[in-house]
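Just so it is clear: chains get the letters A, B, ... in the order the sequence lines come, proteins before strands, and each one is counted from 1. These numbers come from the heavy atoms of this one structure, side chains and all, not from hydrogens, waters or symmetry mates.
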Amino acid sequence: MRAYAGFLLVLLLSAYSVVSQLQEQKALYEREVKFLGDAISRYQDRFRGVREKLPPQGVFGYFSDISDHTENRAAMALTQYALAPLVLRENTDLPTVVGNFHRGFPAPEELRRKGLDLSFDAGSGVVLFGKATW
Amino acid sequence: MAFLPAVLLPILLGFALVSLLWDRDQGVPGSLLLKGSLSVGLGSGLASALFFAWILIAGRYRGGFILLESGLLLCLAGVFFLTRRRADWFRFLGSEVSPGTPAPRWFFVLSFYGILALSILAFLYLSLNRPHGGWDAWAMWNMRARFLFRGGDHWKEVFSLLGELHPDYPFLVPGVVARAWSYMGSDPVSVPAVASIGFMLATVFLLTSSLCSIRGRSQGYVAGIALLGASEFVRHAASQYADVYIGFFFLAAVVLASLAFEGAKERRGLTILAGTAAALAAWTKNEGILFLSLFLAAGTLVSAISDGAKAGLRRLALQAAGALPVAMLVLYFKTRLAPPTDILAEQQGGALLARLLDLSRYATVAKAFLAASVWRFLLPVMAVYLLLLGVERDRARGKGFLVSAATLLAMFMSYFMVYVTTSKPLEWHLGTSLDRVLVQLWPMFLFSFFLLVRVPENLMVGERPAPAGGPPAGNRRRKERHPKRGKEPPAGGKGRTR
């Protein structure tokens with residue numbers, strides 16, 4: 001009897017844990033992912049146009065409008081993941097800079113101050129800058 | 001089409017190595033499932049190490065690598081066939097999971113496979129929702145795999161951008177993924193998920209089949225159910241984190257050590273394989289380096305105390321021989337490629353002492369460990385299970401259990417102290433890593449636990465009618481005839497106790 005009780009205890013709690021997780025993930029899939037795709041794939045797709053314009057290797061600048069440190073770190077890591085094996089540095093002094101904007105395009109004065117010149121707009125807030133000659 | 005050789009070659013390589021080193025004495029339990037699950041993990045791990053060594057030497061992947069792997073497989077298979085009698089060549093195909101033990105009651109089997117099917121379904125939904133895995137998977141492991149695969153000669157540039165993402169971690173997971181991508185010539189996002197479910201299933205079947213072999217079938221199935229019952233295990237497998245990989249190697253090392261200790265004779269092949277598994281843990285994550293040293297120390301000490309210093313040293317030498325090839329790669333990686341380990345590099349004498357003397361840190365860490373164990377793992381359930389079924393006292397003195405439990409305890413204490421002394425914000429460090437750390441230890445814990453706890457069949461035996469003309473189920477094994485010689489096993493021999 002004790003053996004049955006022990007086995008049933010392990011079985012029921014394991015089944016509860018597995019079924020809860022399954023239900024939760026299935027609901028998430030049916031509600032969101034089925035229609036929109038997953039968040040990281042969507043983020044990666046934004047960089048497809050830029051990826052085609054860049055060489056297969058090299059080091060490039062990165063410029064974003066995200067002010068929060070943690071959010072900016074996550075956005076840059078995602079951009080790095082999307083563009084690997086290109087290497088991104090968070091500075092605007094390199095000859096080519098990847099722009100990643102979520103709240104709108106930066107003001108012309110800010111671009112002038114950083115010496116950036118728009119060279120390609122991939123849409124969805126993703127652009128390439130070259131160094132301005134003026 | 002290239003996907004099949006990418007997956008099958010390492011498994012076959014692993015199977016050839018495991019079969020070659022599996023001792024030939026009749027007493028070694030060795031079901032196809034046990035060998036197969038070991039082959040998936042050990043083969044994939046060794047293929048990852050081989051792939052990384054190739055990249056280091058040749059600079060980038062070339063077709064020659066397929067020839068190297070295929071040649072190695074042929075060599076191992078050739079040695080296997082040349083050193084075995086023809087009658088023994090395919091004996092493993094017919095070997096039972098647990099020869100001589102009564103068949104498990106149907107509800108153990110049905111429950112295990114039911115929970116397994118639901119867990120696989122949960123894994124699939126988790127993977128559909130996050131095909132790139134969790135943060136650490138895409139930002140660290142899969143990013144490195146992309147550099148290995150797409151970066152060509154420039155792959156080392158990955159070290160310049162891993163600032164906050166453990167650039168010192170070894171390359172087992174990226175090696176497994178990038179190797180498969182290289183075979184396929186493209187980098188579909190499904191490959192890391194396939195590798196993860198491979199390791200998840202290998203861990204489940206290794207735990208189940210090893211306990212079936214050592215303790216009896218129902219014990220193995222209950223352990224498998226408990227492993228899957230901790231939802232963190234399946235969640236982290238689907239997150240493509242290295243913690244499920246390293247958990248497999250921890251488990252493989254203690255399972256092989258326990259099987260090696262089970263017999264009366266020294267089982268050298270299994271001891272060598274245990275060393276290889278421990279070294280592959282070191283090739284997975286930094287925690288594996290700690291595991292390798294603690295595991296070697298535990299095996300040596302247990303052997304030395306029970307059989308004398310000479311036996312201890314012999315065991316150490318055999319395990320070190322198994323670990324050596326992969327350990328050399330880890331050493332090269334650590335000394336030539338990787339920066340210093342952040343947790344160690346950030347420690348400063350005065351601050352470290354202050355943290356060690358701060359009792360509130362011990363309380364915070366203990367509280368976090370307890371909360372995680374209670375809510376996210378089935379620890380209270382296991383405690384009740386232990387109370388209900390009791391302990392097999394002979395087992396508690398067994399060398400296999402002692403090695404497994406000593407390594408587990410030492411790992412647990414080490415992790416505890418890493419948190420106490422961490423220079424990172426303690427709450428943040430616990431919150432971002434404790435679950436994963438416990439996932440690493442969960443399979444090894446369950447193996448040690450079910451080695452110790454009494455077998456349900458033995459308690460159910462009084463409730464089961466004996467088959468006509470045969471002994472009661474619980475005693476049937478002792479009455480069985482020796483499979484080879486057709487005789488009773490010799491009285492007083494050191495047969496396995498269940």
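- Of all non-hydrogen atoms in B:His132 and A:Tyr81, the two that sit nearest each other are ND1-OH, 2.8 Å.
- Not a single donor-acceptor pair under 3.5 Å links the side chain of A:Ser17 to the backbone N or O of B:Ala230.
- Contact annotation for B:Trp155: neither backbone nor side-chain heavy atoms come within less than 4.5 Å of a heavy atom of chain A.
- At a heavy-atom separation below 4.5 angstrom, chain B is approached by A:Gln57 within residues 45-62 of chain A.
- Between A:Val87 and B:Phe147, the closest side-chain pair of non-hydrogen atoms falls below 4.5 Å.
- Between B:Arg150 and A:Ala82 the shortest heavy-atom distance is NH1-O, 4.1 Å.
- Shown here for B:Val384 and A:Leu9, the closest heavy-atom pair between the two residues is CG1-CD2, 3.5 Å.
- With a 4.5 angstrom heavy-atom cutoff, A:Leu86 touches chain B only via backbone atoms.
- Of the atoms belonging to A:Ser41, heavy atoms from both backbone and side chain fall under 4.5 Å from chain B.
- More than 12 heavy-atom neighbours from other residues, nucleotides or ligands sit within 6.0 angstrom of CZ on A:Phe105.
- With contacts defined as side-chain heavy-atom distances shorter than 4.5 Å, the pair A:Phe7/B:Ser218 does not qualify.
- If you measure heavy-atom distances from A:Ala74 to chain B, the contacts under 4.5 Å come from both the backbone and the side chain.
- For chain A, the nearby part of B:Leu378 is the side chain; its heavy atoms alone come within less than 4.5 Å.
- With chain A as partner, the option from B:Leu124, B:Val222, B:Leu128 having the largest number of non-hydrogen pairs under 4.5 angstrom is B:Leu128.
- For B:Trp135 against A:Ala77, the heavy-atom pair with the smallest separation is CH2-CB, 4.1 Å.
- Annotation: maximal heavy-atom pairing with chain B below 4.5 Å, among A:Lys34, A:Gln80, A:Arg89, occurs at A:Gln80.
- The two atoms that bring A:Ser14 and B:Ile115 nearest to each other are C-CD1, 4.2 Å, heavy atoms only.
- Atoms CG and OH, on A:Leu11 and B:Tyr221 in that order, are 14.5 Å from each other to the nearest 0.5 Å.
- A:Ala84 and B:Met143 get closest at one heavy-atom pair: CB-SD, 4.2 Å.
- Contacts between residues 21-30 of chain A and chain B, counted as heavy-atom pairs separated by less than 4.5 Å, involve A:Gln21, A:Leu22, A:Gln25, A:Lys26, A:Leu28, A:Tyr29, A:Glu30.
- Side-chain atoms of A:Val19 and B:Leu118, non-hydrogen and from C-beta on, do get closer than 4.5 Å to each other.
- If you tally non-hydrogen atom pairs under 4.5 Å between each of B:Leu148, B:Val234, B:Leu228, B:Asn142 and chain A, the highest count goes to B:Asn142.
- Between chain A and the options B:Gly152, B:Ser119, B:Ser231, B:Ala122, the largest number of non-hydrogen pairs under 4.5 Å is found for B:Ser231.
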